[in-house]
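Report on one structure; see the data block that follows.
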Amino acid sequence: MGRFLARTFVLFLSETRSVRKMSIDIGGMRIKYKDKDETFLEKHLVSKEPFGQFKAWFEEACTKKEILEPNAMCLATVSPQGFPSARFVLLKGYGKEGFKFFTNYGSRKAREMDLNPNVAATFYWEVLNRSIRIEGQVDKLSEEESVTYFHSRPVPSQIAACASHQSTPIESRDVLQERESVLEAQYLVPEKEVPKPSYWGGYIIRPQAVEFWQGQRDRLHDRIKFRKLNVGEQPDGKLLHEGEDGWVYERLSP
Ligand SMILES: Cc1cc2nc3c(=O)[nH]c(=O)nc-3n(C[C@H](O)[C@H](O)[C@H](O)COP(=O)(O)O)c2cc1C
């Protein structure tokens, strides 16, 4: 009995060791970000408001072939009970008025945004060691803009949007494919347009704050945040700087 227990113990030890050997050292995972001569300083800002700066960084990200979807952003919404949830969506337009994306108006995120328009979105472009964080409130885009964008999508994507009641439980993939086949038979014919479902459309995030983060090798990362002035606040030119178009900016500790 004693020998059996001892053998079992030895076996257990060697198993644990080999599992440990095989496992990935997550704690040791780290990449080198930018060198000290590539810092992101206030003098490097191409614009004193966040949209111009976003344009510069986004367009640079678009030139990098390693970044397949530079417009992918992680969007966080909050439930009425205060529970946050996050998922990726694709940025489909931006300008001085805000950042646009499209989705299903019956989805979880949409239901949460109906009750609480406050959202946050984050981009991360690994090869550039850069991230942009946006915080603001969403508004729905006009029906006209949603229709125009819907019809600019490839027809199979239009059909998929019609076939999916996003975020609702579904019995099997077959059910989806069946719906897709029915719609294909109906709409994959010449001269026929897929009507945009009323439950699908766009949002615009009107930002209150946009932060530009650049990772440094020594972990003393650069963070420059644009935000709107709080009531009674004045830029002092030291911690808080006057920007353009009603924006101020400040450097945050990493
Ligand atoms: C890279 C990427 C891009 C995506 N883009 C969109 C998008 O633009 N719109 C969308 O509704 N879902 C998009 N999705 C799917 C969402 O992440 C998510 O699964 C879906 O919107 C349902 O989320 P919800 O249940 O929280 O509402 C994308 C997923 C990935 C990984």
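In this text, all values refer to a predicted model and were calculated from it rather than measured experimentally. When a ligand or atom number is given, it counts from 1 through the structure's own listing order.
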Mind checking whether Tyr124 and Trp213 have parallel, tilted or perpendicular rings, split at 30° and 60°? perpendicular
How are the rings of Trp125 and Phe123 set to each other: parallel, tilted or perpendicular (split at 30° and 60°)?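 Tilted, since the angle between the ring planes falls between 30° and 60°.
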When you check ligand 1 against the protein, what N or O pairs turn up below 3.5 Å? List the atom names and distances, or just say none.
{"unit_1": "ligand 1", "atom_1": "5 (N)", "unit_2": "Leu90", "atom_2": "N", "d": "3.4"}
{"unit_1": "ligand 1", "atom_1": "8 (O)", "unit_2": "Leu90", "atom_2": "N", "d": "3.0"}
{"unit_1": "ligand 1", "atom_1": "9 (N)", "unit_2": "Phe102", "atom_2": "O", "d": "2.9"}
{"unit_1": "ligand 1", "atom_1": "11 (O)", "unit_2": "Thr103", "atom_2": "OG1", "d": "2.6"}
{"unit_1": "ligand 1", "atom_1": "11 (O)", "unit_2": "Gln166", "atom_2": "NE2", "d": "3.2"}
{"unit_1": "ligand 1", "atom_1": "14 (N)", "unit_2": "Phe88", "atom_2": "O", "d": "3.2"}
{"unit_1": "ligand 1", "atom_1": "17 (O)", "unit_2": "Phe88", "atom_2": "N", "d": "3.4"}
{"unit_1": "ligand 1", "atom_1": "17 (O)", "unit_2": "Phe88", "atom_2": "O", "d": "2.7"}
{"unit_1": "ligand 1", "atom_1": "21 (O)", "unit_2": "Lys109", "atom_2": "NZ", "d": "2.6"}
{"unit_1": "ligand 1", "atom_1": "21 (O)", "unit_2": "Gln166", "atom_2": "NE2", "d": "3.1"}
{"unit_1": "ligand 1", "atom_1": "23 (O)", "unit_2": "Lys109", "atom_2": "NZ", "d": "3.4"}
{"unit_1": "ligand 1", "atom_1": "25 (O)", "unit_2": "Ser167", "atom_2": "OG", "d": "2.6"}
{"unit_1": "ligand 1", "atom_1": "26 (O)", "unit_2": "Arg87", "atom_2": "NE", "d": "2.7"}
{"unit_1": "ligand 1", "atom_1": "26 (O)", "unit_2": "Arg87", "atom_2": "NH2", "d": "2.9"}
{"unit_1": "ligand 1", "atom_1": "27 (O)", "unit_2": "Arg108", "atom_2": "N", "d": "3.3"}
{"unit_1": "ligand 1", "atom_1": "27 (O)", "unit_2": "Lys109", "atom_2": "N", "d": "3.0"}
{"unit_1": "ligand 1", "atom_1": "27 (O)", "unit_2": "Lys109", "atom_2": "NZ", "d": "3.0"}
{"unit_1": "ligand 1", "atom_1": "27 (O)", "unit_2": "Ser167", "atom_2": "OG", "d": "3.3"}

salt_bridge(Glu233, Arg227) N-O dist < 4.0 Å: yes
Charged N to carboxylate O below 4.0 Å: is that the case for Glu143 and Lys140?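 The answer is no: the pair does not qualify as a salt bridge.
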Can you list the residues that meet the side chain to side chain donor-acceptor pair (under 3.5 Å) rule with Glu112, with sequence neighbours excluded? Thr77, Ser85, Arg108
Got a donor-acceptor contact below 3.5 angstrom from the Glu135 side chain to the Val119 backbone? no
